[in-house]
Amino acid sequence: MQQLIEWKKRPNRKPLVIKGARQVGKTWLMKEFGKQYFEKTAYITFYNNQRMARVFDEDYDIERILMNINIETKQEVTPEDTLIILDEIQEAPKALEALKYFCENAPQYAVIAAGSLLGVAIHRGVSFPVGKVDTMELYPLNYREFLEAMGEGQLAGLLEKKDYALISDFRNQYIFWLKNYYYVGGMPEVAAFFAEHKDYTEVRRLQKSILEQYEDDFGKHSENANLARIRMVWNSIPMQLAKENKKFFFGQIKKGARMKDFEIAIEWLLDCGLITKVYKVSSPSVPLKAYIDFSAFKLFFLDVGLLGAMSDLDMESILEGNEIFREFKGALTEQYVLQQLISDTSYIPYYFGTDSANFEMDFTVQKGKHIVPVEVKAEVSLQAKSLKAYCRKYKPAYAVRISLKDYQEEEWLINLPLYAVCNL
């Protein structure tokens, strides 16, 4: 919401495109923004709305388009006090292209567009108005937002103040909600239900329902030739993350499978916002982007709760822990940390490894001219063999271990609590 308010105030504001997976709350956010910060909202959805799609097919005459929006929404659209929302815009390719003309010929109008399968549509030849729109990525709730949703705004606020002495006093509450977040995740519908009812069984049912809807999308919106491969990649991710070496191995999807067989399937899932790809870098040097090894990567889900639902993890295992669960705890923790990094910090995460070195960094980020290794531990583990080996070899200015241990600055290491990843 804060980003939307800043966008509204911008003097050189362009039409805004909100990207994000289905069910992360795009429609709700746009409507709520209109309700709170504009006098009027003109909401159009292109889902099963051929009439409005045809309006944009005719030409890009903004006056004519606005007249049709007036008729469709029964709102008189006026500059500055009306928010125009174009939802499910991937269903109307010409409407996406029309954003360019709103930018050039009618910049006084506030226009927001969103679509859950936007990336898929663009790869099918829909022209994206590059340079003529602002974009924003919407993710599931991160841990800090989850605390707010659970009525724990003071705990969330404490994290933002970085008062670690006080934060440590409340570590049990942070860990309690962290374990619940591992199970519930950040999908808005699921989190809202849990906030009200605290019913773990129904939480799982809602998560399974969302997963089914995603799988329905595989069938409806992908080419038949790719459908089986998309499903195979999707279903293999929990197993791949459960390995000690979390690099994505194609041979574990299907015996003899190669990268080129599954590239399109992976790109399709990325375009839908359902997975995140974290590339390996071959050297911890600036800029990290220049050292990407495109043949090696890890794949993560969009949401830690959905990962647990797909893996049929029961609540007792997460809340109380058990021996069988121990193997998977690392996968869940790394998924959680990745989610916080992409949605609540400014860093682009990579991971580091070399063929010759016998250690690997879970994540690596660039902070100005420094490369920062980040090791993730699921417990209060004080062992950091890989991190020590990395630091001996590369002598970084900063090194971070994320674990359940309280915040601590050591000579060569900062320990950041798992519940404070937002402060990396």
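Just so it is clear, the structure is predicted and the values come from calculations on it, not from any experiment.
Under 4.0 Å is where a charged nitrogen must lie from a carboxylate oxygen, and between Glu202 and Arg205 at least one such pair does. Salt bridge present: Lys277 and Glu267 bring a charged side-chain N and a carboxylate O closer than 4.0 Å. Using a 4.0 Å cut-off between a side-chain N of Lys or Arg and a carboxylate O of Asp or Glu, Glu379 and Lys329 qualify as a salt bridge. A salt bridge does not link Glu360 to Lys246: none of the charged side-chain nitrogens sits closer than 4.0 Å to a carboxylate oxygen. A salt bridge between Arg13 and Asp134 is absent, with no side-chain N of the basic residue lying under 4.0 Å from a carboxylate O of the acidic one. Glu215 has no carboxylate O lying under 4.0 Å from a charged side-chain N of Lys208, or vice versa, which leaves the two without a salt bridge.
When atom types are taken as modelled, the side chain of Gln207 and the backbone of Val184 share a donor-acceptor pair closer than 3.5 angstrom. Distance alone, capped at 3.5 Å, places no donor-acceptor pair between the Lys161 side chain and the Asp163 backbone. With hydrogens and angles ignored, the 3.5 Å screen pairs a side-chain donor or acceptor of Lys14 with a backbone N or O of Gly131. Arg171 places a side-chain N or O within donor-acceptor distance of the main-chain N or O of Leu404, the cut-off being under 3.5 Å. At least one donor-acceptor pair under 3.5 Å links the side chain of Asp303 to the backbone N or O of Gly186. Looking only at distances, a side-chain donor or acceptor of Asp261 sits under 3.5 Å from a matching main-chain atom of Arg258. With hydrogens and angles ignored, the 3.5 Å screen pairs no side-chain donor or acceptor of Glu334 with any backbone N or O of Ala331. A donor-acceptor pair is defined here as one N or O able to donate and one able to accept, closer than 3.5 Å; no such pair exists between the side chain of Asp312 and the backbone of Gly308. Side-chain N or O atoms of Lys298 include one that pairs as donor or acceptor with a backbone N or O of Asp362 at under 3.5 Å. Here the side chain of Asp344 pairs no donor or acceptor atom with the backbone of Gln340 at under 3.5 angstrom.
Here the side chains of Gln75 and Ile69 are not in contact, with every heavy-atom distance at 4.5 Å or above. The side-chain heavy atoms of Leu96 and Leu86, taken from C-beta on, include no pair separated by under 4.5 Å. Within the 4.5 Å cutoff, side-chain heavy atoms of Tyr139 are placed close to those of Ile342. You'll find the side chain of Phe170 reaches within 4.5 Å of the side chain of Gln173, heavy atoms only. Here the side chains of Pro15 and Lys132 are not in contact, with every heavy-atom distance at 4.5 Å or above. Looking at heavy atoms from C-beta onward, Thr345 lies out of side-chain contact with Asn423 at the 4.5 angstrom threshold. Contact check for Leu138 versus Leu29: side-chain heavy atoms found under the 4.5 Å cut-off. Side-chain contact between Gln339 and Pro140 is present, with heavy atoms from C-beta onward closer than 4.5 Å.
When all heavy atoms of Phe297 and Met259 are compared, the closest pair comes out as CE2-CE, 4.0 Å. Taking both residues in full, the closest heavy atoms of Ala42 and Val77 are given as CB-CG2, 3.9 Å, listed atom of the first, atom of the second, then distance. Contact record, Pro396 with Ile371: CB-O, 3.9 Å, taken as the closest heavy-atom pair. The nearest pair of heavy atoms linking Leu313 to Phe328 is CD1-CD2, 3.6 Å. The minimum heavy-atom distance linking Glu375 with Lys385 is given by the pair OE1-N, 4.5 Å. Met52 and Phe56 make their closest contact through O-CD1, 3.3 Å (heavy atoms, listed as atom of the first residue, atom of the second, distance).
Tyr336 pairs in a ring pair (Phe, Tyr, Trp, His ring centres under 6.0 Å) with only one of the listed residues (Tyr182, Phe146, Tyr419, Phe300), which is Tyr182.
Centroid-to-centroid, the aromatic rings of Phe301 and Trp234 come within less than 6.0 Å. Trp268 and Phe218 have their aromatic ring centers within a separation under 6.0 angstrom. Within the 6.0 Å centre-distance limit, the rings of Tyr394 and Tyr390 are counted as a close aromatic pair. Here Tyr350 and Phe363 keep their ring centres 6.0 angstrom or further from each other.
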| query | What do the steps show when you test Lys280 against Lys247 for side chain to side chain contact (heavy atoms under 4.5 Å, CB included), and what is the final call? | reply | CA-CA 9 Å; Lys280 176 176 158 184; Lys247 176 189 167 186; 5.9 Å; no

Run the side chain to side chain donor-acceptor pair (under 3.5 Å) test on Thr27 and Asp87 for me, step by step, so that the C-alpha distance in whole Å, both residues' side-chain angles and the decisive distance to 0.1 Å come before the verdict. CA-CA 7 Å; Thr27 301; Asp87 206 356; 2.6 Å; yes

Given salt bridge (charged side-chain N to carboxylate O under 4.0 Å, His left out), test Arg229 with Glu263 step by step and report yes or no.
CA-CA 9 Å; Arg229 287 174 182 175; Glu263 268 176 325; over 6 Å; no

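Taking the six-membered ring for Trp and thresholds of 30 and 60 degrees, Tyr174 and Tyr143 have ring planes inclined between 30 and 60 degrees apart. Aromatic ring orientation, Tyr200 versus Tyr183: perpendicular (interplanar angle above 60°, classes split at 30° and 60°).
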Expected list for residues 33-41: side-chain donor-acceptor pairs under 3.5 angstrom, two or more places apart:
from, atom 1, to, atom 2, distance (Å)
Gln36, NE2, Glu32, OE2, 3.0
Lys40, NZ, Glu76, O, 2.7
Lys40, NZ, Thr78, OG1, 3.0

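Screening residues 270-291 for ring-ring contact (aromatic ring centres under 6.0 Å, His included), with sequence neighbours left out, gives Tyr279-Phe294.
Figure legend: Lys74 and Tyr43 shown without cation-pi pairing, the cationic atom not lying both under 6.0 angstrom from the six-membered ring centre and within 45 degrees of its axis. Cation-pi geometry between Lys198 and Phe194 is met: under 6.0 angstrom from the ring centre, within 45 degrees of the axis.
For CG of Leu155, the number of neighbouring non-hydrogen atoms (other residues, nucleotides, ligands) closer than 6.0 Å is greater than 12.
With 3.5 Å as the limit, one finds a donor-acceptor pair spanning the side chains of Glu88 and Gln90.
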